[in-house]
Amino acid sequence: MDATARRIAIVKIMEENHSVKISELTSALNVTRETVRRDLNNLEERKLVRIVRGGAILNVPKNETSYDKRLRVNSKQKEDIASEFCKYVQEDDTIYLDFGTTSLSVAKKIKQFKHLTIVTNSLPIINELYKSKNIQLFVLGGLVRRNEGSFFGEVALQAISSININVGFFSGGGIDAKFGLSNHHLGESNLTRAILKHCQTIVVGIDHTKFGNVFAQRIMPIRQMDLLITDFITDKKLVDNLKQNTNLILTEK
């Protein structure tokens, strides 16, 4: 396989997974790490990828991709995050699941429990759980954001005023050691910030590709998170920084 064919193959792999490790590419393409690095440097010069420590991330616009497309991105990592979160759930808990594809992964895993109350503003999560006899489902209504399939606005804000939540699960468009968790949409973010005040325990689950992204709507600082679950972080300084401010769980070592 020549250099052009390899680079096309790398982009195709990253279109499916959004990110890739150098070790994964050396195995998939049967080439040396030096060859992979040269290919990634070439792709970065062409602004197709962004090199990070230990691998690369596909370059995508700062604006959101469609929900269905994001479902296919890092699906394995999201499933691992969801499985880890479920270790902190107990029968009879009231759980809040925020909007987003990682929260949908949690909804699919959480059906294993026998007695739970789930509060959510996400239509995909509602569709996933409403037939489950083991789940008491509380839906926050209001205005619908079609791109995300989520409810927001005054009706949703009023609905949470008398709710206590044992564990809230949140994700976002970006996370940064200094700026915390952030997101795109004002209405959704206002609802999330309000719900945080009703949670006994706050858990954030977010894959590694979101680190370093900062968006306009700040949701919470790192120190407000009781638990932060991600797949892997190769930056030791970042790991140390996060551990000083929250309980950090890595699903991949």
Side-chain angles (χ1 to χ4, degrees), residues 1-66 68-85 100-102 105 171-183 204-215 222 225 227-243 245-246 248-253:
M1 184 183 293
D2 63 20
T4 299
R6 278 198 317 274
R7 291 161 189 171
I8 291 172
I10 290 172
V11 172
K12 286 184 177 179
I13 290 170
M14 295 181 69
E15 284 177 344
E16 292 182 3
N17 300 308
H18 190 74
S19 65
V20 70
K21 298 178 183 178
I22 289 176
S23 58
E24 293 171 343
L25 291 177
T26 59
S27 177
L29 302 175
N30 194 27
V31 294
T32 66
R33 294 178 69 87
E34 290 70 25
T35 297
V36 169
R37 287 193 182 97
R38 285 197 298 271
D39 290 337
L40 291 177
N41 284 332
N42 176 274
L43 293 171
E44 186 175 54
E45 288 175 2
R46 294 159 57 191
K47 301 188 183 304
L48 295 174
V49 307
R50 176 163 61 91
I51 293 175
V52 296
R53 184 174 296 183
I57 299 171
L58 190 68
N59 257 344
V60 294
K62 274 285 187 179
N63 59 322
E64 291 178 278
T65 57
S66 70
D68 288 340
K69 184 175 181 180
R70 286 187 288 121
L71 281 174
R72 300 189 295 271
V73 174
N74 291 331
S75 58
K76 171 63 165 58
Q77 288 85 347
K78 292 171 185 176
E79 289 175 7
D80 290 344
I81 290 169
S83 295
E84 187 66 32
F85 171 73
T101 57
T102 306
S105 293
S171 195
I175 186 167
D176 181 84
K178 180 178 179 181
F179 295 99
L181 186 71
S182 60
N183 232 320
V204 171
I206 193 164
D207 70 75
H208 72 279
T209 63
K210 307 295 181 60
F211 279 86
N213 290 340
V214 177
F215 294 97
I222 301 295
M225 305 171 190
L227 184 67
L228 172 59
I229 307 172
T230 189
D231 45 348
F232 67 88
I233 303 174
T234 58
D235 187 335
K236 186 178 183 302
K237 184 178 179 180
L238 175 59
V239 170
D240 292 341
N241 185 304
L242 294 171
K243 285 183 175 180
N245 291 283
T246 187
L248 177 67
I249 299 293
L250 303 177
T251 62
E252 298 180 32
K253 305 300 182 183

Check against side-chain contact (heavy atoms from CB on, under 4.5 Å), Ile10 and Leu29: CA-CA 9 Å; Ile10 290 172; Leu29 302 175; 3.7 Å; yes
Stepwise side-chain contact (heavy atoms from CB on, under 4.5 Å) check, Ile233 with Leu242: CA-CA 11 Å; Ile233 303 174; Leu242 294 171; 3.6 Å; yes
Worked check of side-chain contact (heavy atoms from CB on, under 4.5 Å) between Val52 and Thr234: CA-CA 9 Å; Val52 296; Thr234 58; 5.8 Å; no
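Residues passing the side-chain hydrogen bond (donor to acceptor under 3.5 Å, both in side chains) test with Lys237, sequence neighbours excluded: none. Take Arg33 and apply the side-chain hydrogen bond (donor to acceptor under 3.5 Å, both in side chains) test, not counting sequence neighbours, and it matches no residue. Residues that satisfy the side-chain hydrogen bond (donor to acceptor under 3.5 Å, both in side chains) test with Asn42, not counting sequence neighbours, are Arg46. Asp240 meets the salt bridge (charged side-chain N to carboxylate O under 4.0 Å, His left out) test with Lys236; sequence neighbours excluded. Checked against side-chain hydrogen bond (donor to acceptor under 3.5 Å, both in side chains), Asp80 has the following partners two or more places apart in sequence or in another chain: Lys76. Under the rule for a side-chain contact (heavy atoms from CB on, under 4.5 Å), the partners of Ser171 that lie at least two apart in sequence or sit in another chain are Thr102, Ile206.
For the residue pair Asp207 and Thr209, a side-chain donor N or O sits within less than 3.5 Å of a side-chain acceptor on the partner. The closest side-chain donor-acceptor pair between Thr35 and Arg38 falls under 3.5 angstrom.
At a threshold of 4.5 Å between non-hydrogen side-chain atoms, the residues Leu181 and Met225 count as touching. At least one side-chain heavy atom of Thr230 sits less than 4.5 Å from a side-chain heavy atom of Leu250. The shortest distance between side-chain heavy atoms of Ile22 and Leu40 falls below 4.5 Å. At least one side-chain heavy atom of Phe211 sits less than 4.5 Å from a side-chain heavy atom of Ile175. Side-chain contact between Thr246 and Val204 is absent, with no heavy-atom pair separated by less than 4.5 Å.
Leu238 CG to Arg53 CZ: the interatomic distance, rounded to the nearest 0.5 Å, is 10.0 Å. Interatomic distance, CD1 of Ile51 versus CD of Glu45, reported as 8.5 Å (0.5 Å rounding). In this structure, the separation between CD on Glu84 and CD1 on Ile81 is 9.5 Å, given to the nearest 0.5 Å. Atoms CD1 and CD, on Ile57 and Glu44 in that order, are 10.5 Å from each other to the nearest 0.5 Å. Here Arg7 contributes atom CZ and Leu48 contributes atom CG; the two are 11.0 Å apart, rounded to the nearest 0.5 Å. If you take CG on Leu248 and NZ on Lys243, they are separated by 6.0 Å, rounding to the nearest 0.5 Å.
A pairwise comparison of heavy atoms in Lys210 and Gly173 identifies CD-O, 3.4 Å as the closest pair. Heavy atoms only, all atoms of each residue included: His208 and Phe232 are closest at CB-O, 3.0 Å.
The main-chain N or O of Asp231 is never found under 3.5 Å from a side-chain atom of Gln77 such that the two would form a donor-acceptor pair. Looking only at distances, no side-chain donor or acceptor of Ser27 sits under 3.5 Å from a matching main-chain atom of Glu24.
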